[in-house]
Amino acid sequence: MAVVLTNTLSGRKEALVPREAGRVRLYWCGVTVYSRSHVGHARALVTADVLCRYLRARGLAVTFVRNFTDIDDKIIRRAAEVGIPAAELAEREIRAFAEDVAWLRCLPPTHEPRATEHIPAMLALIEQLVAAGFAYAVPDGSVYFRVRRFPAYGKLSHRRLDDMEAGEEIDAAKEDARDFALWKGAKPGEPWWSSPWGRGRPGWHIECSAMATGYLGQPFEIHGGGSDLVFPHHENEIAQSEAAAGVPFADLWVHNGMITTGAEKMSKSLGNILSIGEVAAQAPAEALRLLFLGTHYRTPLDFSPARLEESGRALGRLYEALARADEVAGGPPPALPVDGALAEPPTPFLTELCAAMDDDLNAARALGLVFDRMRELNRVLDAGDRAAASAIRRELAAVAATTGLLTEVPATFLETARRRGQERTGLSVAEIDAAIAARNDARRRKDFREADAIRERLREQGILLEDTPSGTMWKAG
RNA sequence: GGCGGCGUACCCAAGUGGUUAAGGGAGAGGUCUGCAAAACCUCCAUGCACCGGUUCGAAUCCGGUCGCCGCCUCCA
């Protein structure tokens, strides 16, 4: 069985065929660092993370590169508004991004290059394109790619040059309105680097071409990003890289669908964004990940706080079951390493899990299997079958390596959730314990009316009680 | 206008020719419990936007209609 991914280039599912046995090179377009990342970015990050994790769990050695665009018109504009140098703004936002992506529990990329650290490689690529007649310089010091010279232009986004409308940014110096900038001449006050065409800065697309091939060579196996990057960004990357090298740029083009809110794309320009930091304040990271994985990565996903909460409830049930199993077993099983986690002796569950993920990362189907397995786990725990429970518990440990879900120690996860909920209620642990003691006192006296009144009062304050054989437990609802 | 995609139960969502259409959330009934909660069991789409067609057989393929979205300009 091979891993199959939908290739935007062909519009079809295609098998991932490593060019070197056992090794996969993955480039994923990162973010432009000029403001906080939002839920849309989170989806792209998680999609790449799941892809990388799964391939590694399958035993493939993945070189994963994710870039930072740290010089760009928006960064310059924003920095001017804030009144700090562009480089400082970029640095600040990179730090904020690092926090967000760590919260999301994404594996760190093998390489995380910044555009400004690879200017020489970009200049070399541009010079090569100019020398070959694929690009031309104009008087203001900018260099443009000559789209007409690249017949395959449009093959990724499936459009013909003749059908395209001219861009807004009409530069009289351009030969063709659809030509795009490889290098932008610096205007007064803008950051600049020296080039054969004078002071300037790289265009957006050239940086990914230079960094991707710089770290991964050409061609490499997988290039991905949000679907809004298909055109023009990825189309232009292909044009540059293939014009320059004369060989394909990347084999498989993988694109995740957009996050919408109220059926409208979440984007900074529409002002309808929810930052990752804002989500972090109201839900565990894996609740967001579970929400993402419930919908196939290519399908648009409508985000709402209500859905996030739903996912949080479902996630809680999974951790509750795991915690029960761990309690019976005296502790959690050792975490499986990400690499080769699925090389374990296959069980029917793991085989099916693999089959689902092999099929274009069908995580939604995989989750269906996980929930089925969870129910079975609860069943054998109810029946007191410890051997069966520990076997299922071990299988579920593989879920973390493949999807990035259930990565935490269940008891810790639940305790954290409890603590957060309790803080929201405004009640102290001591107050809750006192109320529980009073209620249990009433229960011993068979004063159930009083006991129920206490429980009801706590419920109104957001504390839910559970009487178990080992005592009364509480959690925050 | 061009290109791409979507429309499956109360909500979300998997399913892309073949037994009873996954799974999650919500809801209903039951087991357990002093009563609850949790867990488990059962129920919840003779039907997959609509209309035609192909086929022994279609949510799945083809044609048409309606509705929605994305890209075509910075965007994950």
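In what follows, chains are A, B, ... by sequence order, proteins preceding strands, each numbered from 1. Computed over heavy atoms, backbone and side chain alike; hydrogens, waters and symmetry mates excluded. Quantities reported herein were computed from a predicted structural model and do not represent experimental measurements.
Here, B:rC50 and B:rA22 have their C1' atoms 26 Å apart, quoted to the whole Å. Atom C1' of B:rG15 sits at a distance of 15 Å from the matching atom of B:rU20, rounded to the whole Å. When the C1' atom is compared between B:rC66 and B:rG27, the two are found 32 Å apart, to the nearest whole Å. Spacing of P atoms, B:rA49 relative to B:rU60, comes out at 8 Å, to the nearest Å. Comparing the C1' positions of B:rC44 and B:rG5 gives an interatomic distance of 31 Å, to the nearest angstrom. Of the P atoms belonging to B:rC51 and B:rA58, the separation is 15 Å, rounded to the nearest Å. Comparing the P positions of B:rU42 and B:rG34 gives a spacing of 25 Å, expressed to the nearest Å. Taking atom P in both B:rG2 and B:rU65, the straight-line distance is 13 Å, to the nearest Å.
A distance-only check finds no donor-acceptor pair linking the side chain of A:D100 to the backbone of A:R36 [under 3.5 Å].
Figure legend: cation-pi geometry between A:R159 and A:F231, with NZ or CZ positioned under 6.0 Å from the six-membered ring centre and within 45° of its axis.
Both A:R159 and A:E320 lie near RNA chain B, and the one whose nearest nucleotide falls closer to the 5' end is A:E320. With RNA chain B read from its 5' end, the first of the two nearest nucleotides for A:G225 and A:K475 is the one closest to A:K475.
Across the strands present, B:rC56 finds its partner in B:rG18; the criterion is a Watson-Crick or G-U wobble pair with both atom distances under 3.5 angstrom. B:rA26 makes up no base pair with any nucleotide shown, lacking Watson-Crick or G-U wobble contacts both under 3.5 Å. Across all strands shown, B:rU73 forms no Watson-Crick or G-U wobble pair with both distances under 3.5 Å. Base pairing annotation: B:rC66 forms a Watson-Crick or G-U wobble pair with B:rG7, both donor-acceptor distances under 3.5 Å. Of all nucleotides present, none satisfies the Watson-Crick or G-U wobble test against B:rC32 with each distance under 3.5 Å. With a 3.5 Å ceiling on both atom-pair distances, B:rC44 lacks any Watson-Crick or G-U wobble partner.
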Seminar exercise, completed: Per-nucleotide protein contact along nucleotides 9-25 of chain B, 5' to 3', at a 4.0 Å heavy-atom cut-off (B base, S sugar-phosphate only, - neither), is ---SSSS------BSBS
Filtered N/O pairs between nucleotides 42-45 of chain B and protein, under 3.5 Å:
none

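No side-chain donor from either of A:E466 and A:T472 sits under 3.5 Å from a side-chain acceptor of the other. In this model, a donor atom of one side chain and an acceptor atom of the other lie less than 3.5 Å apart for A:E278 and A:S275.
In this structure, A:H158 does not reach the B:rC3 phosphate: none of its side-chain N or O atoms is under 4.0 Å from OP1 or OP2.
By the 30° and 60° cut-offs, the orientation of the rings of A:H205 relative to A:F180 is perpendicular. The aromatic rings of A:F150 and A:F145 lie perpendicular to each other, with more than 60° between the two planes, well past the 30° mark.
Among the atoms of the strands shown, base atoms are found under 4.0 Å from some heavy atom of A:L465. A:V31 comes within 4.0 angstrom of sugar-phosphate atoms only, judged by non-hydrogen atoms across all strands, and of no base. Looking at heavy-atom distances under 4.0 Å, A:N378 makes contact with sugar-phosphate atoms alone, never a base. At the heavy-atom level, A:R77 lies nowhere under 4.0 Å from the strands shown. Using a 4.0 Å heavy-atom distance criterion, A:G30 is classed as a sugar-phosphate-only contact. Across all strands, A:M266 comes closer than 4.0 Å to base atoms (heavy-atom distances).
At least one side-chain heavy atom of A:R43 sits under 4.5 Å from a side-chain heavy atom of A:T47.
With hydrogens and angles ignored, no donor-acceptor pair closer than 3.5 Å exists between the side chain of A:R43 and the base of B:rA76. With hydrogens and angles ignored, a donor-acceptor pair closer than 3.5 Å exists between the side chain of A:D467 and the base of B:rC35.
If you measure from atom CE of A:M258 to atom C1' of B:rG4, you get 13 Å, rounded to the nearest angstrom. Rounded to an integer number of Å, the gap from NE2 of A:H233 to C1' of B:rU73 is 15 Å.
Aromatic ring centres of A:F220 and A:F249 lie closer together than 6.0 Å. Ring centers of A:F303 and A:H38: at least 6.0 Å apart, outside the cut-off. Ring centroid separation for the pair A:F97 and A:F68 comes in under the 6.0 Å cut-off.
Here the nucleotide nearest the side chain of A:D382, chosen from B:rA36, B:rC71, B:rA39, is B:rA39.
To the nearest 0.5 angstrom, A:L104 atom CG is 8.5 Å from A:D49 atom CG.
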